[in-house]
Each structure stands twice: as C-alpha cells, then as structure tokens.
Asks: 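A single structure is presented below for examination.
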Amino acid sequence: MRHERPPDVGPNQYGNHAVIHGGAQLGDRNSGRAMTFDGQDDYLRLVSCSDSLRLGAGDFTLTAWFRHTATTGALPIVRGYGMGSGVQQFWLRAEPGQGRIRAAIDTGTAYAEVKTTSAYNDGQWHHALMKRQSGRLTLSVDGGPEFGAAAPAGSITPPAEFSVHVGARPDFPNQPAGVTELFRGLKPLDLKLA
C-alpha cells in the first residue's frame, strides 16, 4: 500500500491532499491526467479534510469524469463522510449490474437518491453532475436528461473530522463477505465539489 499524497492543485488549493492506496497510477485522459484503479485495492482517500469540503445543509455541486467497462457490481466514484443507514453522507457510484449510475445524500434522519437509466460502461469518458439545489437532488451525465428527487433539508456533513473516498467505500478493506465495492477503470484528478 502506498501512502503518497497527490497534492490539491486546483485553482483554490484548499490542502485537500489524498492518500494513494494500492497500486493506483497516474494515467492519461484525453489532454489531461487521470488515476487508474484496478478494482483490487486501488483508491484515494482525502483525510482530515478542510472546511472547503464541508457541504453542510447548503446547496452543492459535485462533478466527476469517469470511464469503465464493468458489467457487474457497484463501483464507487466518490463517497463522502460516512456510510450506513442514518449516517450523514453523500455518494456517487456506477451500478453496471443494474444498468445505472446512482447518487444519494443522507442527513442522518432523511435520505434521497437519484439514478440514471444507463451504466455508461462503454469504455468512453463520461461527465457526471450531481447537485442539491433549491430542495432538489439531481443527477445528469454528459449533459443528458436530469434525473431528480426531493432533497431533504439538513446537513449531510458530520460535525467532527471526516474523510472523502475516491474509488472505494469507506469500509475497504474490511467490507463484509461478498461485498467488493472498488472502482475498476479510470477516474480523473479533476473531481470537483462546491
């Protein structure tokens, strides 16, 4: 397991550096760069995140590029804060076995999710846009149809320190028997939360 920290090199540089786990490698995405994940033990973990990633009760936008060819399983794209029923969190993942991309938020007392009608598992680059805005949770891919649901009011961020996982659930490598939720494919470094 490598513990290098890819720097936060965005225009605002909030110091949200990531720890690299497994053999995740830097690869190419068209004219940019992307991390490659093998679906075995590769993921990124942002630890002790700055307040810039504390989404709280407000509106937010998450954007991510991804590319995969999986036909089964659940592939976490990004998961923030915690996991489990009644835990403050947000997440975005590909679910190729069900033919969809799914996004969710949980305030700890209320939950909402949205899902697409395609898994986008054609090996091409796709751009996902997840938003909570004006009481709605929405998800669209590549500027296509917007899938939406009522979003619960309240904070989705825990009051204590938190982590954000890219390419894995927070319980890796201690997932229950039969659960292997790791991203297999390419994810870029330009994941954005605001």
Side-chain angles (χ1 to χ4, degrees), residues 10-12 14 16 29-30 32 34 43-44 46 49-68 70 73-158 162-170 181 183 185-194:
N12 298 317
Y14 291 108
N16 293 309
R29 177 183 66 90
N30 301 331
Y43 65 100
L44 302 179
L46 288 74
C49 297
S50 74
D51 283 345
S52 67
L53 295 181
R54 189 173 293 282
L55 300 178
D59 292 348
F60 72 88
T61 301
L62 179 147
T63 64
W65 287 92
F66 65 93
R67 183 172 87 176
H68 74 96
L75 286 69
I77 296 171
V78 63
R79 188 166 198 133
Y81 315 142
M83 63 176 285
S85 179
V87 175
Q88 291 170 302
Q89 63 186 294
F90 71 89
W91 50 265
L92 173 67
R93 73 182 184 196
E95 297 178 341
Q98 286 77 40
R100 64 191 182 195
I101 304 293
R102 189 161 58 124
I105 61 172
D106 195 329
T107 66
T109 57
Y111 172 87
E113 70 174 43
V114 289
K115 53 192 171 220
T116 68
T117 55
S118 172
Y120 298 93
N121 55 347
D122 55 9
Q124 302 299 311
W125 282 107
H126 297 284
H127 183 257
L129 177 66
M130 173 185 176
K131 293 190 293 188
R132 177 168 69 174
Q133 184 174 26
S134 302
R136 300 276 301 159
L137 177 65
T138 60
L139 174 63
S140 63
V141 178
D142 298 333
E146 189 173 84
F147 301 89
S155 178
I156 61 172
T157 309
F162 57 86
S163 297
V164 174
H165 287 71
V166 178
R169 285 184 3 168
E181 287 194 23
F183 193 85
L186 291 165
K187 288 186 45 50
L189 294 175
D190 60 351
L191 179 75
K192 293 182 176 65
L193 272 170

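On a predicted model such as this, the values are computed, not experimentally measured, just so you know.
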Asks: Please step through side chain to side chain contact (heavy atoms under 4.5 Å, CB included) for the pair Tyr81 and Leu55, ending with a clear verdict.
Replies: CA-CA 10 Å; Tyr81 315 142; Leu55 300 178; 3.3 Å; yes
Asks: Can you name the nearest heavy-atom pair linking Tyr43 to His165, along with the distance?
Replies: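 That would be CE1-CD2, 3.8 Å.
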Asks: Could you tell me if the side chain of Leu46 sits less than 4.5 Å from the side chain of Val166, heavy atoms only?
Replies: yes
Asks: Classify the angle between the aromatic ring planes of Phe60 and Phe90 as parallel (below 30°), tilted (30 to 60°) or perpendicular (above 60°).
Replies: tilted
Asks: Excluding sequence neighbours, so at least two apart, what forms side-chain contact (heavy atoms from CB on, under 4.5 Å) with Gln88?
Replies: Ser155, Pro158, Pro159
Asks: Under the side-chain hydrogen bond (donor to acceptor under 3.5 Å, both in side chains) rule, collect the residues that match up with Thr109, sequence neighbours excluded.
Replies: Thr107
Asks: Measure the spacing between CD1 of Ile77 and CG of Leu62 and express it to the nearest 0.5 Å.
Replies: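 It comes to 9.0 Å.
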Asks: Check for a donor-acceptor pair, side chain of Gln89 on one end and backbone N or O of Arg79 on the other, with a separation under 3.5 Å.
Replies: no
Asks: Please list every donor-acceptor pair under 3.5 Å in which a side-chain atom of residues 140-154 meets a protein atom from a residue at least two apart or in another chain.
Replies:
| from | atom 1 | to | atom 2 | distance (Å) |
| --- | --- | --- | --- | --- |
| Asp142 | OD1 | His127 | N | 2.8 |
| Asp142 | OD2 | His126 | ND1 | 2.5 |

Asks: Tell me which pairs pass salt bridge (charged side-chain N to carboxylate O under 4.0 Å, His left out) where either residue lies in residues 109-125, with sequence neighbours left out.
Replies: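 Pairs touching residues 109-125 that pass the test: Arg102-Glu113, Glu113-Lys115.
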Asks: How far does CG of Leu137 sit from CD1 of Ile105, to the nearest 0.5 angstrom?
Replies: 5.0 Å
Asks: Under the side-chain hydrogen bond (donor to acceptor under 3.5 Å, both in side chains) rule, collect the residues that match up with Arg132, sequence neighbours excluded.
Replies: none
Asks: Identify, with sequence neighbours excluded, every residue that meets side-chain hydrogen bond (donor to acceptor under 3.5 Å, both in side chains) alongside Thr116.
Replies: none
Asks: Check side-chain contact (heavy atoms from CB on, under 4.5 Å) between Ala103 and all other residues, then give those that pass, not counting sequence neighbours.
Replies: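 Ala103 satisfies side-chain contact (heavy atoms from CB on, under 4.5 Å) with Leu92, Val114, Met130, Leu139 once adjacent residues are dropped.
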Asks: Could you list the residues that satisfy salt bridge (Lys or Arg N to Asp or Glu O under 4.0 Å) with Arg93, not counting sequence neighbours?
Replies: Glu95, Glu181
Asks: Assess the residue pair Asp106 and Val87 against the criterion (side chain to side chain contact (heavy atoms under 4.5 Å, CB included)); give the C-alpha distance rounded to whole Å, side-chain angles, the decisive distance to 0.1 Å, and a yes or no.
Replies: CA-CA 6 Å; Asp106 195 329; Val87 175; 5.6 Å; no
Asks: Below 4.5 Å, heavy atoms only, C-beta onward: do Phe162 and Arg54 meet side chain to side chain?
Replies: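 Of all side-chain heavy-atom pairs linking Arg54 with Phe162, at least one is under 4.5 Å.
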